[in-house]
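Below is one structure, written out as structure tokens, with a few remarks after it.
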Amino acid sequence: MELLRNKWFYVATFSLIFILSIDLWTWGSTSPAFFGLPHVIIYTMALEGVLFISFILFARYFWTTEGK
Amino acid sequence: MDIALVIFCSYLLLLLAIGVYSHIKSKRTTEDYFLASRSIGPLVLFFSLAATNFSAFTFFGFAGASYKIGFAYYGIMAFGTGFMAVSFYFIGRKLWKLGKQKGYITPPELIGDRMGSTTLRLMFMAVMVVFTIPYLATQAVGGGIALTQLTNGLVSYEGGAAIITLVILVYVLFGGMRGDAYTDVLQGIVMLVTIISAVGIVSWGLGGFTFANTQIAERFPDLMTRPGGGGFFTVKVWISYMLLWTLADPMFPQLWTRFYAARDEKAIRTSMVLYPIVTMALFLGPVLIGVWGNLTFPGLIGSGPDSILPMMVAEYAPAWAAGAIMAGAFAALMSTADSQLLVLSSMLTRDVYGVWLRKGSSDREQYIAGKVFVVGLALSGLAIALFRVEAIFDILTRTTFTGLAVLFPTTIAALYWKRATKWGCISSIAIGELTYAGFYFGWIPDAFSFGFLPVVPVSVVAAGVLIIASLLTKRRD
């Protein structure tokens, strides 16, 4: 729980999420994933989900206490 | 078509009614007119930030870009904009605190006061005004395109742009920030509902959601992947766009002042948490419909793709549904234009009229001047829209976003770096904008951007100049 109140945890988390948005490993993929949609759509939605959860943790544990 | 028009006109009347209601609740002070007396709560602030941020580009330019480039556009728009909400903490929270403590109403007030320079304040304002007015004009352009589509040409492009401008003008004139924020809630909900409905109706018309995507994969495989149509997305261009939204969006004066208008930190915090969800949902519709447009209307060129969304809706939706769906597009453009009108007016009132033209003018006088500026700005935006029509995408990415991103280093320095000086900030903005002009007009060879969009080298130059010039000049008190 202490980790969730540490600002460096969020610096690392948000930096990692940003780096993951540059998804070079699926760059040339043309095969559809779900419902005929390409990987880039599904991947982006999943990453947005992770970002949303990160924001919840950030708001719940860091922004209220302003960290330490 | 008559039913569509009735639905659309009812929507416009509802907006006007909200404007009048807001006027009744207003206090006739500049703080109330421009910031709703800093009383905007969590949900209203969230919808207001989202609706203000998502513009005519979301529905028209974005669908048009997706038509040309493909599904990958969703990645940079949805994630890039969602990630930008990180700035609600390190910029928005700080702006709210300082605004409340010092009574700031406009962005240049804060910058000028923090750095102790009226010149910097004027310069900061000039950049915001210069790069926001063309963006304001694009909202009128979008209105003209959409209303022409909705009425099958019965209303001309010029007439459509004028009608939309007039409606916005009336509810901003009477409702101020309160009217802006309340209409944003309605417009945000309308946007979400209509774009989801549009995806359902258009995909049904194309033979099903999965079938439409499969058809794209078979007939236009380059739209399924990156680099996408026209080889647009190199890795460096992708990275540039991811950075562009984070650097530019918080510098939009209409978003900045919403942080001032927040009731408390909770309102800003809630907005940040919800932002990735709304970007994930809202941006999917325009990209799908834009890409699918290749199946029904292949071969559009020039600014033609900017009309793909209304064309697809008109093709597949019954008349009554088309009217309702197009209300979503109007919601997107109007919710941005109204905020831009108000914030531009606030800057001309507080940073020009109150400082240079009528120093010491009363609050009542500035309140009236603000309304006069609203009228003048609305007519100016309309005039620009009528005399110069370009692809929305080109106008936005080539001028507004990068032009405003130049202000990012100065803003961060004013908020966090005590060693920053006014000369550092002035040099940063001047040289940053000159560098951008160099790239835009071709004075600086493209090779110097090293494959990135100009926003990357321009931001590096602006930040570097700020640091060096600040260290070389006298520290502020």
Side-chain angles (χ1 to χ4, degrees), chain A, chain B residues 70-83 85-86 88-89 93 203 208-218 221-228 233-236 238-239 241-243 246 265-266 268-281 283-284 287-288 291:
Chain A
M1 202 60 74
E2 199 58 28
L3 181 69
L4 296 175
R5 293 193 170 90
N6 187 314
K7 76 172 175 185
W8 294 110
F9 170 75
Y10 293 101
V11 170
T13 301
F14 295 142
S15 300
L16 181 64
I17 290 173
F18 184 80
I19 290 167
L20 287 174
S21 72
I22 307 160
D23 55 330
L24 297 176
W25 50 93
T26 58
W27 203 256
S29 168
T30 53
S31 56
F34 298 105
F35 304 109
L37 291 169
H39 281 101
V40 64
I41 299 268
I42 305 300
Y43 182 78
T44 301
M45 294 177 91
L47 205 55
E48 290 247 62
V50 172
L51 185 63
F52 171 62
I53 292 167
S54 305
F55 280 170
I56 290 176
L57 294 174
F58 181 76
R60 173 73 181 80
Y61 294 103
F62 183 79
W63 193 334
T64 49
T65 60
E66 300 298 330
K68 297 207 171 177
Chain B
F71 285 113
Y73 227 82
Y74 178 73
I76 56 129
M77 286 301 293
F79 178 80
T81 311
F83 187 81
V86 169
F88 291 9
Y89 175 75
R93 180 186 63 107
S203 65
F209 187 88
T210 305
F211 180 75
N213 294 328
T214 308
Q215 286 291 300
I216 290 291
E218 287 175 5
D222 56 327
L223 300 181
M224 295 288 285
T225 185
R226 285 156 292 181
F233 277 126
T234 64
V235 173
K236 289 178 178 176
W238 186 265
I239 294 171
Y241 272 110
M242 289 298 185
L243 289 171
T246 305
E265 281 194 48
K266 185 187 170 192
I268 302 172
R269 197 165 55 217
T270 304
S271 301
M272 183 185 89
V273 170
L274 295 176
Y275 223 67
I277 297 301
V278 76
T279 58
M280 179 167 59
F283 285 122
L284 189 57
V287 74
L288 290 174
V291 173

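These numbers were taken from a predicted model, which means no experiment stands behind them. These numbers come from the heavy atoms of this one structure, side chains and all, not from hydrogens, waters or symmetry mates. A, B, ... follow the sequence lines: proteins, then strands. Residue 1 opens every chain.
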Below 4.5 Å, heavy atoms only, C-beta onward: do B/M77 and B/V287 meet side chain to side chain? no
Can you tell me which portion of A/S54 sits under 4.5 Å from chain B's heavy atoms? Options are side chain, backbone, both or neither. neither
Quick one: does A/R60's side chain get under 4.5 Å of A/L4's, heavy atoms only? no
With a 4.5 Å cut-off on heavy-atom pairs, point out which of B/I277, B/V291, B/V86 contacts chain A the most. B/I277
Most contacts with chain B, counted as non-hydrogen pairs under 4.5 angstrom, among A/F14, A/Y43, A/Y10: A/F14
Apply side chain to side chain contact (heavy atoms under 4.5 Å, CB included) to B/Y275 and A/L51, showing your working. CA-CA 10 Å; B/Y275 223 67; A/L51 185 63; over 6 Å; no
Contact leader toward chain A among B/D222, B/T225, B/L223, where contacts are heavy-atom pairs under 4.5 Å: B/T225
Using non-hydrogen atoms and a 4.5 Å limit, figure out which bit of B/A212 sits close to chain A: side chain, backbone, both or neither. neither
Tell me, for B/T270 versus chain A, whether the close heavy atoms (under 4.5 Å) come from the side chain, the backbone, both or neither. neither
Contact part of B/T81 toward chain A, heavy-atom cut-off under 4.5 Å: side chain, backbone, both or neither? neither
Let me know if B/L284 has heavy atoms under 4.5 Å from chain A in its side chain, its backbone, both or neither. side chain
Using non-hydrogen atoms and a 4.5 Å limit, figure out which bit of A/F58 sits close to chain B: side chain, backbone, both or neither. side chain
Under 4.5 Å between any side-chain heavy atoms of B/I268 and A/W63, yes or no? yes
For A/I17, is it the side chain, the backbone, both or neither that has a heavy atom under 4.5 Å from a heavy atom of chain B? both
Around A/W25, counting heavy atoms of other residues, nucleotides and ligands shown, do more than 12 lie under 6.0 Å from its CH2? yes
Classify the ring geometry of A/F35 against B/F209: parallel below 30°, tilted from 30° to 60°, perpendicular beyond 60°. perpendicular
Between B/L288 and A/L37, is there a side-chain heavy-atom distance shorter than 4.5 Å? yes
